[in-house]
Amino acid sequence: MAATGFRGPRQIWNAFKWSMKGLHAGWRHEASFRLEVCLAVVLVPLGLWLGNGPLEKIALLLPPVLVLSAELLNSAVEAVVDKVSPEFHELAGRAKDMGSAAVFLLLVLTALSWGLILWPRWF
């Protein structure tokens with residue numbers, strides 16, 4: 001249920017702690033998330049270094065961060081589906097597949113962004 005009262009520093013701090021718990025759970029339980037974090041650890045500093053100007057830097061940094069966000073959302077969908085219905089159901093499988101497809105599309109976006117920006121400089 002949504003909070004209806006004032007959201008002061010304590011609620012903001014609690015939201016931050018819950019977010020950190022989510023990142024920790026993603027790291028601890030999801031091998032794909034760990035792999036994508038390793039990729040982002042390389043790509044984010046590289047994007048800051050290789051990007052010419054703020055727009056190119058954003059175009060190189062944003063896709064890897066979006067991949068991480070989508071992976072966490074995909075993992076959340078999978079966890080809820082597994083909790084609600086541990087046996088196979090067509091809709092449960094479809095939900096999991098669609099979450100995976102969202103991550104895949106963002107990985108393609110990452111490759112395209114990097115390729116379109118860096119290819120002309122090097123070739």
Side-chain angles (χ1 to χ4, degrees):
M1 187 180 308
T4 57
F6 174 71
R7 292 198 49 93
R10 180 178 295 140
Q11 289 82 11
I12 293 170
W13 176 250
N14 286 338
F16 174 77
K17 290 192 308 186
W18 296 324
S19 295
M20 294 302 105
K21 281 179 68 174
L23 286 171
H24 182 261
W27 179 264
R28 185 168 180 218
H29 299 288
E30 299 296 329
S32 295
F33 182 71
R34 288 191 297 272
L35 181 63
E36 291 156 356
V37 166
C38 292
L39 183 65
V41 164
V42 172
L43 290 181
V44 167
L46 203 56
L48 287 171
W49 181 55
L50 294 174
N52 288 335
L55 291 180
E56 271 193 13
K57 290 181 190 300
I58 289 172
L60 293 172
L61 298 177
L62 190 59
V65 174
L66 290 175
V67 168
L68 295 175
S69 299
E71 185 64 52
L72 288 171
L73 290 171
N74 181 41
S75 297
V77 167
E78 289 180 354
V80 170
V81 165
D82 290 345
K83 170 70 174 161
V84 171
S85 178
E87 69 276 349
F88 178 78
H89 189 280
E90 180 183 346
L91 292 175
R94 189 182 314 162
K96 289 181 171 188
D97 292 346
M98 292 168 80
S100 179
V103 174
F104 172 75
L105 289 175
L106 286 169
L107 287 167
V108 170
L109 173 67
T110 301
L112 281 173
S113 296
W114 279 76
L116 288 172
I117 290 171
L118 299 179
W119 181 268
R121 290 190 206 162
W122 293 344
F123 300 104

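The figures that follow rest on heavy atoms only: side chains count, while hydrogens, waters and symmetry mates do not.
With values rounded to the nearest 0.5 angstrom, C38 atom SG is found 9.0 Å from R34 atom CZ. Here the CG-CZ distance, from L23 to R28, works out to 14.5 Å after rounding to the nearest 0.5 Å. With values rounded to the nearest 0.5 angstrom, H24 atom NE2 is found 7.5 Å from H29 atom NE2. If you take CH2 on W49 and NZ on K57, they are separated by 10.5 Å, rounding to the nearest 0.5 Å. Within the model, atoms CG of L107 and CD of E36 stand 5.5 Å from one another, a figure rounded to the nearest 0.5 Å. Taking CD of E78 as the start and CG of D97 as the end, the distance is 9.0 Å to the nearest 0.5 Å.
The cluster map of Ile, Leu, Val, Met, Phe, Trp and Tyr, joined by side-chain heavy atoms under 4.5 Å apart, puts L43 and L60 in the same cluster. Hydrophobic clustering (ILVMFWY, side-chain heavy atoms < 4.5 Å, transitive): L61 and L112 are in distinct clusters. In terms of hydrophobic clustering, with Ile, Leu, Val, Met, Phe, Trp and Tyr side chains grouped at heavy-atom distances under 4.5 Å, W27 and L68 are assigned to a common cluster. Both L46 and I117 are assigned to one and the same hydrophobic cluster, defined by single-linkage of ILVMFWY side chains at heavy-atom distances under 4.5 Å. Hydrophobic clustering places M20 together with V41 (ILVMFWY residues linked when any side-chain heavy atoms are closer than 4.5 Å, directly or through intermediates).
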Between L109 and S113, is a side chain to side chain contact (heavy atoms under 4.5 Å, CB included) present by the stated rule, with each step listed?
-> CA-CA 6 Å; L109 173 67; S113 296; 3.8 Å; yes
Checking side chain to side chain contact (heavy atoms under 4.5 Å, CB included) for the pair K96/D82: CA distance, chi angles, key distance, verdict?
-> CA-CA 10 Å; K96 289 181 171 188; D82 290 345; 2.5 Å; yes
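Contact record, Q11 with G8: OE1-N, 2.8 Å, taken as the closest heavy-atom pair. Closest heavy-atom contact between P86 and K83: CD-O, 4.2 Å. Looking at every heavy atom in both residues, P45 comes nearest to A40 through CD-O, 3.9 Å. Heavy atoms only, all atoms of each residue included: A95 and V81 are closest at CB-CG2, 4.3 Å. Residues T110 and P63 share a closest heavy-atom pair of OG1-CB, 3.2 Å.
The pair R94-E90 counts as a salt bridge, with a side-chain nitrogen and a carboxylate oxygen less than 4.0 angstrom apart.
Applying the ring pair (Phe, Tyr, Trp, His ring centres under 6.0 Å) test to pairs two or more places apart or on separate chains, those with a residue in residues 90-123 are W119-F123.
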